[in-house]
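Along the sequence shown, residues carry numbers from 1.
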Amino acid sequence: MLLALSYGHVGILEDRVVGAMCMTLLGDVATIGLLIVDERVRRRGLGERLMKLALEKAERRQCRVIATLEGMPLYRKLGFLEIETIRTHQGIIAPVTVPDGVKWATDNDFGQILEIDRIATGLDRGKLISALRDRARFAVLRDSAKVLGYAALLPYGRGEVAGPVVASSTDGCRLLLSFLFSIRTGALLRIDLRRESGLGDWLSYIGLPEKYSGTAMCRGEVRPDIGGPLRSYALATSQFGFP
């Protein structure tokens, strides 16, 4: 049988867990990630059943996923359209110079962090950022008291993941990441980049080559990039789906 859990769904067969997924609700958008089915029971339609449960839970929300090559046929069948490529860079970080203008975020910065995140993504990700705030370290790019961009560094598996990152330019994104990376020389780091980052070559140079990529897909009304002065350059992690 299949069981639905709050913000996730788990398939159980013969009294053991054989599939799982996670869904995050962000206002009128739902992101779906971590769709996993036990190798021993694949090709029995469990993945599709889990996805249909997630879509039912999402109701009328737009749904977003990061698809692997193997998962794309299922998502297409369920009405998802391809949006962009997400590139995952991972490796052992080399020494990086500490940049000027970037500092650790203080409690007073989070109001501005939430506002610039909303402007960049068009989403209310307050709950996501609040959850990350409990575990991650946030850096901000400032002009006097004004926050111009932010980046987070989150423990993840055996290493850490850098993201989300919001900035007004590729240079600003690089400054924020340089600050985070400068304190983690020799650590295993990962970052999931959106297409407009323009930082692939630099990341490879400092020890984070591209390891694999996924396809951001969307079901429901496809919204164009917001544009404007602020952009989302990196995801919190592609495992959360495409926020």
Can you tell if the side chain of [X] reaches within under 4.5 Å of the side chain of [Y], non-hydrogen atoms only?
| X | Y | value |
| --- | --- | --- |
| Leu175 | Pro99 | yes |
| Met23 | Thr31 | no |
| Ser182 | Thr97 | no |
| Leu189 | Ile191 | no |
| Arg64 | Met217 | no |
| Arg61 | Val29 | no |
| Ile32 | Met51 | yes |

Side-chain heavy atoms nearer than 4.5 Å, only ILVMFWY residues, links allowed to pass through others: does that put [X] and [Y] together?
| X | Y | value |
| --- | --- | --- |
| Val165 | Ile116 | no |
| Leu176 | Leu235 | no |
| Ile86 | Leu177 | no |
| Val140 | Leu153 | no |
| Val166 | Val161 | yes |

Would you sort out whether Arg194 and Ser232 count as a side chain to side chain contact (heavy atoms under 4.5 Å, CB included), showing the intermediate values?
CA-CA 8 Å; Arg194 300 190 65 210; Ser232 169; 3.9 Å; yes
To check you understand the geometry: which heavy-atom pair defines the closest contact between [X] and [Y], and what is its length?
| X | Y | value |
| --- | --- | --- |
| Gly101 | Leu141 | O-CD1, 3.4 Å |
| Arg125 | Pro164 | NH2-CB, 3.7 Å |
| Leu230 | Ser168 | CD2-N, 4.1 Å |
| Thr85 | Ser213 | CG2-CB, 3.8 Å |
| Ala152 | Leu180 | O-CD1, 3.7 Å |
| Ala167 | Gly172 | CB-C, 3.9 Å |

The criterion is side-chain contact (heavy atoms from CB on, under 4.5 Å); which residues satisfy it with [X], sequence neighbours excluded?
| X | value |
| --- | --- |
| Lys52 | Glu48, Leu78 |
| Gln112 | Lys146, Val147 |
| Ile183 | Trp104, Arg137 |
| Thr170 | Leu199, Tyr233 |

Could you walk me through whether Leu26 and Asp124 pass side chain to side chain contact (heavy atoms under 4.5 Å, CB included), step by step?
CA-CA 6 Å; Leu26 303 169; Asp124 178 1; over 6 Å; no
ring-ring contact (aromatic ring centres under 6.0 Å, His included) with Phe110: which residues, sequence neighbours excluded?
Phe138
Pairwise salt bridge (Lys or Arg N to Asp or Glu O under 4.0 Å) hits with a residue in residues 169-186, at least two apart
Glu160-Arg184
For residues 89-112, which residue pairs pass the salt bridge (Lys or Arg N to Asp or Glu O under 4.0 Å) check, not counting sequence neighbours?
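Qualifying pairs, neighbours excluded: Asp107-Arg133, Asp109-Arg142.
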For Arg76, which residues count as a side-chain hydrogen bond (donor to acceptor under 3.5 Å, both in side chains) partner, sequence neighbours excluded?
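Arg76 satisfies side-chain hydrogen bond (donor to acceptor under 3.5 Å, both in side chains) with Glu82 once adjacent residues are dropped.
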Taking side-chain hydrogen bond (donor to acceptor under 3.5 Å, both in side chains) as the test, write out the residues that go with Tyr150, two or more places apart.
Asp117
Show the numbers, then the answer: is there a side chain to side chain contact (heavy atoms under 4.5 Å, CB included) between Thr215 and Ile66?
CA-CA 5 Å; Thr215 301; Ile66 302 293; over 6 Å; no
Suppose the criterion is ring-ring contact (aromatic ring centres under 6.0 Å, His included): which pairs have a residue in residues 61-103, not counting sequence neighbours?
Tyr75-Phe80
Spacing of Met72 atom CE and Leu69 atom CG [to the nearest 0.5 Å]
7.0 Å
Inter-residue atom distance Thr185.OG1 - Ile93.CD1, 0.5 Å rounding:
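If I round to the nearest 0.5 Å, the distance is 7.5 Å.
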Just list the side-chain donor-acceptor pairs under 3.5 Å for residues 201-211, sequence neighbours left out, or say none.
unit_1	atom_1	unit_2	atom_2	d
Ser204	OG	Gly200	O	3.1
Glu210	OE2	Arg87	NH1	3.3

